[in-house]
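Encoded as structure tokens, the structure appears first; notes follow it.
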Amino acid sequence: METLMALVVGGLFASAIYMMLRRSIVKLVIGLVLLSNGANLLIFTQAGMLRGSPPLIPLGQMQPEGVVADPLAQALILTAIVIGFGVLAFAVVLIHRAYEVVQADDMDQMKDTDT
Amino acid sequence: MRLEVALPVVLPLLFGALSVALWRWRTAQRITAVVGTGVLLLAAIWLLMSVWNNGVLAIHMGDWRAPFGIVLVADLLSAIMVVLAAITGLATAVYSLTSISQRHEHYGYYPLLHLLLVGVNGAFLTGDIFNMYVWFEVMLVASFALLILGGERAQMEGAIKYVTLNLLSSALFLTGIALIYGLTGTLNMADIADKLSTVEETGLVTVIGMLFMISFAIKAGAFPFFFWLPASYHTPQVAVSALFAALLTKVGVYALFRAFTLIFNQDVGYTHEILLWVAGATMLTGVLGAAAQFEFRRILSFHIISQIGYMLMGLALYTPLAIIGGVFYIMHHIIVKANLFLVAGLVYKLKGSYELKELGSVYRERPMLGFLFLVPALSLAGIPPLSGFFAKFILIRAGVEAESWGIVFVALLVGLLTLYSMIKIWAEAFWKAQPEEFAAKAPANPSGVKSMYFTIAAMASLTVFIGLWGQPIYLMAEAAALQLLDPRIYIDAVLGEGS
Amino acid sequence: MKHQLNIPSLILRSTAHFLLPLLLMFSVFLLLRGHDEPGGGFIAGLVAAAAIALYMFAVDIADAQRVLRVDPRDLVGWGLLLGVLSGVPAIFRGQAFFTAQWFEFTVPVLGYLKIGTVLMFDIGVYLVVVGGVLMILLSLAEAED
Amino acid sequence: MSTPLAWNILLGLIWMGFTGSFTGTNLLIGMVLGYVVLAFALRSVPAFANYTRKVPKAIGFVGFFIWELILSNVKVAYDVLTPTHYMHPGVIAFPLEAKTDAEITIVANLISLTPGTLSLDVSSDRSVLYIHCMYLEDEEEVMRSLRYMEFRALEVLR
Amino acid sequence: MLLAVLSAFLLAIVAPTVHRVTGAYSGWVLAILPAALFIYFASFLPVVGAGEALRFSTPWVPGLGIELSFWLDGLSLLFALLITGIGFFIVAYAGRYLEGHRDLGRFYVLILSFMGSMLGLVLADNLIALFVFWELTSITSYLLIGFNHEDAKARKSALQGLFVTVGGGLALLTGLIMMALVSGSYELSEILASGDVVRDHGWYVAIVLLVLAGCFTKSAQVPFHFWLPNAMAAPTPVSAYLHSATMVKAGVYLMARLNPSLGATDLWLILLGVFGALTMFTGVFLSVRSTGVKKVLAYSTVMALGTLTMLIGIGTEKAILAAMTFLLAHSLYKGALFLIAGILDHEAGAKDFLETGGLRRSLPITATLAALAALSLGGMIPMFGFVAKELLFEAVLDAPMLSGFFTVLAALSAIMVVAVAAIVGIRPYWGKPVKTPKAVQHEAPPAMLAGPAVLASLGLLFGLGLAWVDKGLINAAAQSVYGTPVSAYLALWHGINLPLMLSGVSLALGLFLYLNWERFRRLTGFMETLSKFGPERGYEKTMDGLVWSADWQTRILQNGYLRYYLLTILLSTVALLSYSLLRYGGFPLHFDVSDVRLHEWVIVAVLLLAALVSVTTRSRLGAVASLGAVGFAVALIYVLFSAADVGITQVLVETLTVIMLVLVLFRLPGFLALSPNVIRLRDAFVALLVGATMALLSLLASSQRYYPSIAEYFIAESQPSGFGRNVVNVILVDFRALDTLGEIVVLALAALGVFAMIKFRAEDRKE
Amino acid sequence: MLEISITIAYFIISLALLLSFVRLVIGPSLPDRVVALEMIATITIGYIAVYTLSSGKTAFLDVAMVLALTAFLAAVGFARLVTKGGGAHVD
Amino acid sequence: MLTEILVSLFLLIGCGFMLIAALGLVRMPDLPMRLHATTKAGALGAGLMVIAVGLYFFGDVGVAARSAAIIIFIVLTAPIAAHLIGRAGYFVGVPMWSETVKDELKGQYDTHEQVLLSPAKGDKDAEEQSDRS
Ligand code: NA
Ligand code: NA
């Protein structure tokens, strides 16, 4: 499964990058969403993937039954998802505002500040 | 248990939270801003003294022992960085009291300030690689918000580039963390270093190190990753620019120092050679960028880049003296750079413009301000006996000792070109008579200039102080460098002796 | 005038009146049991925020704000404060920040209970998430009109 | 309907207290017992009488509804699975008996859940529900079954 | 000693206040300090004159070997006396010359700071301290040259001077560091003792070149001589002080100072000798061609600097003695002449010799003093300048190498110097009176005459009282430079010999040249066109080129197009990663999809296809919907591989994201096809490269694991120590609560940011 | 017996997922895509049901619960957008 | 064994309906009819599958409650989503199948007054209606 997931991660990165390279700021944001999904899945993949064994401990026991999936990686992904969401919210509103001031969904109209 | 190691993170967080909770009361927020950053400075100094006396300190958050829980670690470099952040924070807060509009205050300026400091200090202190990512993001989002506060077109345009490129950096960072975790099964940096030191085939580690290098280099604004910086740094309120200029890129630099002394030291001949090239190119492109600019803040922004090059040069040469130089350079740079932006802000307040073409006569009218500009400006250019001279001197000496002639030449050349830029500002904004047609732009009775002067003067005194009393600063940099070059000290402090 | 339909759907509106309390209760449920089963402050906060977002779509923004009673900014501020403060008690016992403090007691009907600062922390998370997401959604929706 | 329901739940809780077992199953048992108590002991109180009368109707309606659901799903399934389309779709205006928002909503949703019909919108004066029907060969028949559905639903609701 | 150096800076700080308090007498009052310092240094004459050297040291940054150490020997004492002595007159003079100038207070600050820097420079024993003062003189001189800063020409000249000297200074710094590394010490007094080590080291040539780059620029040697005449934009007291007597001699000082450790090689002789001689000749030639009062003096200063350099390069005992004598003589007469130039400007408004003539009637004292100074400049017997010139001729005739070359240039220069002396000493005062730009009212005030009077008189006095000078300072200074005690002595009369004959011939020819001055200038007019290709043009071209290339590279790099920034970063990333991968190579790679179940294949396929659709669709909201599908597929992967909390979060976040996008995209237009197909293909290629790299990295890393994960600890401790059965949540709120805290801070910040963005806009709209 | 049923169920539901995805891709209108998205959410619930049976771990029902309760919010959002004129000129 | 059979039955029938819904989604000729398919067959399919889960863990109240909750939630939300999408699609004029026999909603949306008219009543009533609102 890790092999297949490598493909998924690569695919998500590739789609994200392609979108980020477009002139449209909306596409830029879509790219960011894909990028964060790709990175999160990469963490998931690297922790090793296990079917049907959530890191939960049955009621009244001290340890889970058998081998369970890596809870640390899951916690990291959770954190990363939330952070990604916060950042995305900001980015989304930013492009909205940028569109309002520039009146075009085109990055090429936004290059005055650089030089 | 070392409380002081956590305070630089907890305090601004507390004050930040308080400041958000008190959003209705402007005065309360203003008080929180000054008191909060003031207390932070005291705590930071406490930490520095404590580390100086006791060596590397660690606090295991939640009392979960390393490497399982998150550890905050303060070695000298971290403690120094925290003190610098606190100084910048306090300076910015005081300066902002009169330079920030009520509207900015109403929409969360001070909470953002505190929380930015949380992120910055967190990144400096954490001993956990993923936790560092979290603090990076805290810092980043706080800076996003500060960057757009005001809502002008230029801010939006700049912010888009800033946000995008920094998010790319974050994604690469996260990718790197994932891979390192996959290999070592741990997140604690000391533990990673410890475990990697027993691994024989480290090629893949070095490859992953490249991901970290690129990610941090983007944050640090190094060549060829710096584009976000000149695109955005001149757009927000100048107090914000000052804060950014002083701290944000330095977090990237700090991360590079940390990662490429502690974790990725398997193939120094390769990794640090790359860093050396990056350093040289960063210096040159940055300074040339500045030479092409004619706006106060833009010139300063490009100079941040070239200065980053010097710091990286210190890391890249990887000799004790070079690392000392790098650390010294960071200390000097943070204060000087923040101050230059603050001066720019005051000039703007007095003259109503940042364009050199439109400025003039500042020296005629405000000789003191002229002097206060020259101190950081000449320091930046490395003119003795100011702080920047010692920083450059150490680096160049390190370069000469390492017989890295190319980088020495570049460092010298860039010093000269820096002087050129600073003199350009001086000649145009301070010496030249202001063209009549722009004189009208100046506000009639600028208010609140005093506290701005006060801040600038205090920062300038620090610059002079570092220059005139360079020995203690040097000793500190030396001790910090020696700690950095012996990762075992850090590892033992985190994981316990004999781990 | 633009070709748009501004009549709120009656069906959606009356469902929302019903779904709002259901979702809010569900969110509290998720919050409280998060330590043992899937859930927790963040997930619960998102559900609560989603509930109010639904109300916002179905009824209107002013009503959604009225239902909320408090300014989302207060939620964020106090949530943050709660989160940070939950880490502070430990230092009075000479432990590091964020060392969990547990209080065990037996309540008549409910029986043996073990409540810790981690719950306080989780509630802080919950409040920040609710407040933060709502700040974003409400100001966005306001901007749209 | 809500007050008696609350009483019923309370009775269930009391039952749990009596037995000392705080599980979901026990609550369910308690509530069933409570219902029995309410149905027989408090028949004279009008509110409770109404409640006890409605519970079997509601259960009956759910049964009816699920049957309808399955039946007409099969019809759609047949249509979906066979290559030719047998539909005669159209939008009709269905005059509503339901008056309150809650009634209208429930009726509309039930109609949507029943295959072949889909509530599109309610007229602003709440007199008419616009419904998209898949099989309009016999509009009268469709209307009749819709009305029957509405009747049975309102019976539970009112 | 430290206090002596610092006193000037300390006085500088309070100078404006002193100026305000003492008003018209401020010049005299402030001049007390240099006077006192002069006396202080003079008190060392007996000791130092006896060949002893004193050392004073205060630690500064000992960790770097930087000390504030001072070394008082003959050479430094000579300079210290010149600096303080002339400084005294300059300060007093400036008080009158700039009387009523609005910036006089600032002027005092600068001139006193300069004095302190200069003193520090010549006294410093520590190389780095020396460099510190060296740079300080550059900066203070920059501020002084640009004193009339509202004049664009002054600013430009100031920058030129600064850029050239600081540029050289940086080379010097490198040279000094290398020298210190080679010799193992930063103390001059120790380095001088290890001259052989330095000369034998492989770095020797580099050190010499770097040090000389500093010295040549500072001391205006060809081809860096152009900045000096331009620096005459400064007020006259500045020119007199900095650009004749002190700062420009700093380079000469350093060459002299380092002569014992760097000198006595062919390289040293050739470099110093040839460049010095050329500078000497060029300086005097340009001087005699000029008509501007200060230009003539400035170029003749260039000549003097060249002469000194040449003499140090020749390095014989006699040459060194000549150099020291010439140094002193030149400082005296050139200081006087500059001050007199100031008087001409101040009283007659004359800035050009062509505007002057017959002033001896209205300015009799000035005329006398000018004549006296000019006699010394021209090398007339019995002036001190004559002694210097005789020694010079002796030295070049005795030079161990290139003697003919030096002699010819020296003789030619001597001829022209005579002409220059006549121009400055005769031309303005004799002949027909010319109407000056400003009618002369009276003689200059005493404060302005005092300097020229004393300096010019000393030129005569020293000439006559040679024995006194000889026994003391000059010999001690020469000893410092030469390295061992000097046995030669000064004399006014050496008998009739070749040098005297050369003097005579040059006097005659020089006077002839003066009488044909106009014609000479006309004949050499071609130099004007030639100067278009001179070093100053080179400097300007360099500066233009700098700005142009800066502009060019910035336009290329910082071009404003986000996608090019991204492309640059991404391609660099791919290049760096793949190069590193190739460099190490040979990693184990487990490619295995046999464990993947059918439905997982389908989910992955849908995920990837949905991503593809969101990338390729022309519909904006279609892209958002596809994004939703990606999100659900990702959530499914989380669920199928045991991550319940993550699955829930993913679903919720996905939903909220879609809502947010929908709210925001509301007003935005649909996608446009903005890029041509070629660009799309390029971007797709780059994107695939990045994706492939990431996939490869992921594959490589998941094929290896060095250590088991620390997650085992959390699983084991979750319930016993964390009292929670959901391990993920216990990690979130307990084990790694700090992460979660940071995470909610991020969310709070994002909310604050969004809120501010929208409210700011809303308010702006209202306005 | 159940093993086989689960395998078959996975197969069938995957087929359903693919088909829904086809609609998502071909549209043609935005509401069509939204319907497809809703369907995918429902299928996700189905997956979770099968998965719960195959793994024996009931924790994942919570995911399904949240999904059932909130997934339709996306549809609400889209519908609002479309009726307010946001989608009219798009597809 | 009986449980297993029952569970398998519910599961497979549920899956079947899910597939039918998906097929309908693809095969149905216009938006409302696709909605018909997904709303009913989809909801029914998911419901049956969840019931299968409930049966499998028979006796586990937690599972039963959650299964019930899921079904209730689906039943609550599916028709609303369908209604909103259908309404939106109709309003913006997503084309209906060519063989649609009847459309009584046509022209009833008054975007000027923002009301949905009812066909039985005349224009007058509509005006009244708009006055009231
Ligand atoms: Na791995
Ligand atoms: Na977290």
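Just so we're on the same page: letters track the sequence lines, and every chain starts at 1. Predicted model only: the values in this text are computed from it and were never measured. Below, each value reflects all heavy atoms present in this structure, side chains not excepted, and no hydrogens, waters or symmetry copies.
Minimum heavy-atom separation, C/Arg73 to B/His106: NH1-O, 3.4 Å. Heavy-atom minimum distance, C/Ala96 versus B/Gly62: CB-N, 4.2 Å.
How far CD1 of B/Ile59 is from CD1 of C/Ile91: 9.0 Å, rounded to the nearest 0.5 Å.
B/Leu72 places none of its side-chain heavy atoms less than 4.5 Å from the side chain of C/Phe97. The shortest distance between side-chain heavy atoms of C/Leu81 and B/Val20 does not fall below 4.5 Å.
C/Val84 pairs with exactly one of B/Leu14, B/Leu11, B/Val9 by the side-chain contact (heavy atoms from CB on, under 4.5 Å) rule, that one being B/Leu14.
For chain B, the option among C/Asp74, C/Leu80, C/Val76 with the highest count of heavy-atom pairs below 4.5 Å is C/Asp74.
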Apply side chain to side chain contact (heavy atoms under 4.5 Å, CB included) to residues B/Arg24 and C/Asp71 and explain how you reach the verdict. CA-CA 11 Å; B/Arg24 287 187 185 82; C/Asp71 193 296; 3.9 Å; yes
